[in-house]
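These values consider heavy atoms only, across backbone and side chains, with no hydrogens, waters or symmetry-generated copies.
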Amino acid sequence: MKILTISGSARFDSANTKLLAAFPSFYPSYSFHHFFEIAALPLFKAEADKHPWPKEVINWRKTIQEADALIISTPEYIHNIPALLKNALEWSTSSGELANKRVLAITFTPHPPRGEKAMQSLLWSLQALNATIVAQLPLYQNEIVFDKKGLLVESEMTEILKEAISLLSA
């Protein structure tokens, strides 16, 4: 199974990116590919969504098409998903790559209740794009522990996370 992971954070070394990078250790038989280039996507404008598309948009759409499923992990910025992630999702509006694509939606924020509004925003966007949301998982940085190699330390939360990832192939 080919799983595309997408971090909603603009920071290369963000907690969300670090979380996504730890997933291959859970499922070594899955192929995980992280899409780092959402920051390179141009600002979405409906009038610009026509041939010839920018190469970044073509690459974004092709990468989604080639994936069997997606995991999106996002922080919450001013009670919403980051503009960077919203912009990326908007580039798949007219082309439909996310239609029926299996998605695990994750918010990864410092502590509760942060992330609740971002999750709702992410779910609304994914529903509008006709994605198949297999699970939504609010995670908090104070409940997740990484070892020195960047791998997740086994805990009750990692067991829940593993189960949520397994739903992508169900």
Supply the atom-to-atom distance Glu159 CD to Leu152 CG, rounded to the nearest 0.5 angstrom.
11.0 Å

Given 3.5 Å as the limit, does a donor-acceptor pair link the side chain of Lys101 with the main chain of Ala67, or not?
yes

Rounded to the nearest 0.5 Å, what separation is found between the CG atom of Leu4 and the CD atom of Glu97?
11.5 Å

Could you pull out all residues at least two apart from Arg102 that satisfy side chain to side chain donor-acceptor pair (under 3.5 Å)?
none

Nearest-0.5 Å distance that lies between atom CG in Leu20 and atom OG in Ser9
10.5 Å

Please tabulate, for the side chains in residues 118-140, all donor-acceptor contacts under 3.5 angstrom to protein atoms that are two or more places apart in sequence or on a different chain.
residue	atom	partner	partner atom	Å
Ser121	OG	Asn80	OD1	2.5
Ser125	OG	Ser121	O	3.3

Could you tabulate the donor-acceptor pairs under 3.5 Å formed by side-chain atoms of residues 160-170, not counting sequence neighbours?
residue	atom	partner	partner atom	Å
Lys162	NZ	Glu154	OE1	3.1
Lys162	NZ	Glu154	OE2	2.9
Ser166	OG	Glu163	O	2.6
Ser169	OG	Tyr30	OH	3.0
Ser169	OG	Ser166	O	3.1

Okay, side chain of Glu56, backbone of Pro42: is any donor-acceptor separation there less than 3.5 Å?
no

To the nearest 0.5 angstrom, please state how far the OG1 atom of Thr5 sits from the CZ atom of Phe36.
7.0 Å

Those residues that, when tested against Ser29, pass side chain to side chain donor-acceptor pair (under 3.5 Å) (two or more places apart)
none

Closer than 3.5 angstrom, by distance alone: can the side chain of Asn16 be matched with the main-chain N or O of Thr74 as a donor-acceptor pair?
yes

For Lys86, which residues count as a side chain to side chain donor-acceptor pair (under 3.5 Å) partner, sequence neighbours excluded?
Glu90

Quick one: which residue pairs count as a ring pair (Phe, Tyr, Trp, His ring centres under 6.0 Å) with a foot in residues 46-65, not counting sequence neighbours?
Phe35-Trp60, His51-Trp53

So that I can tick it off, tell me whether Lys62 and Glu66 are bridged by a salt bridge, with the cut-off set at under 4.0 angstrom between side-chain N and carboxylate O.
yes

State the CD-OG distance between Gln65 and Ser92, to the nearest 0.5 angstrom.
10.5 Å

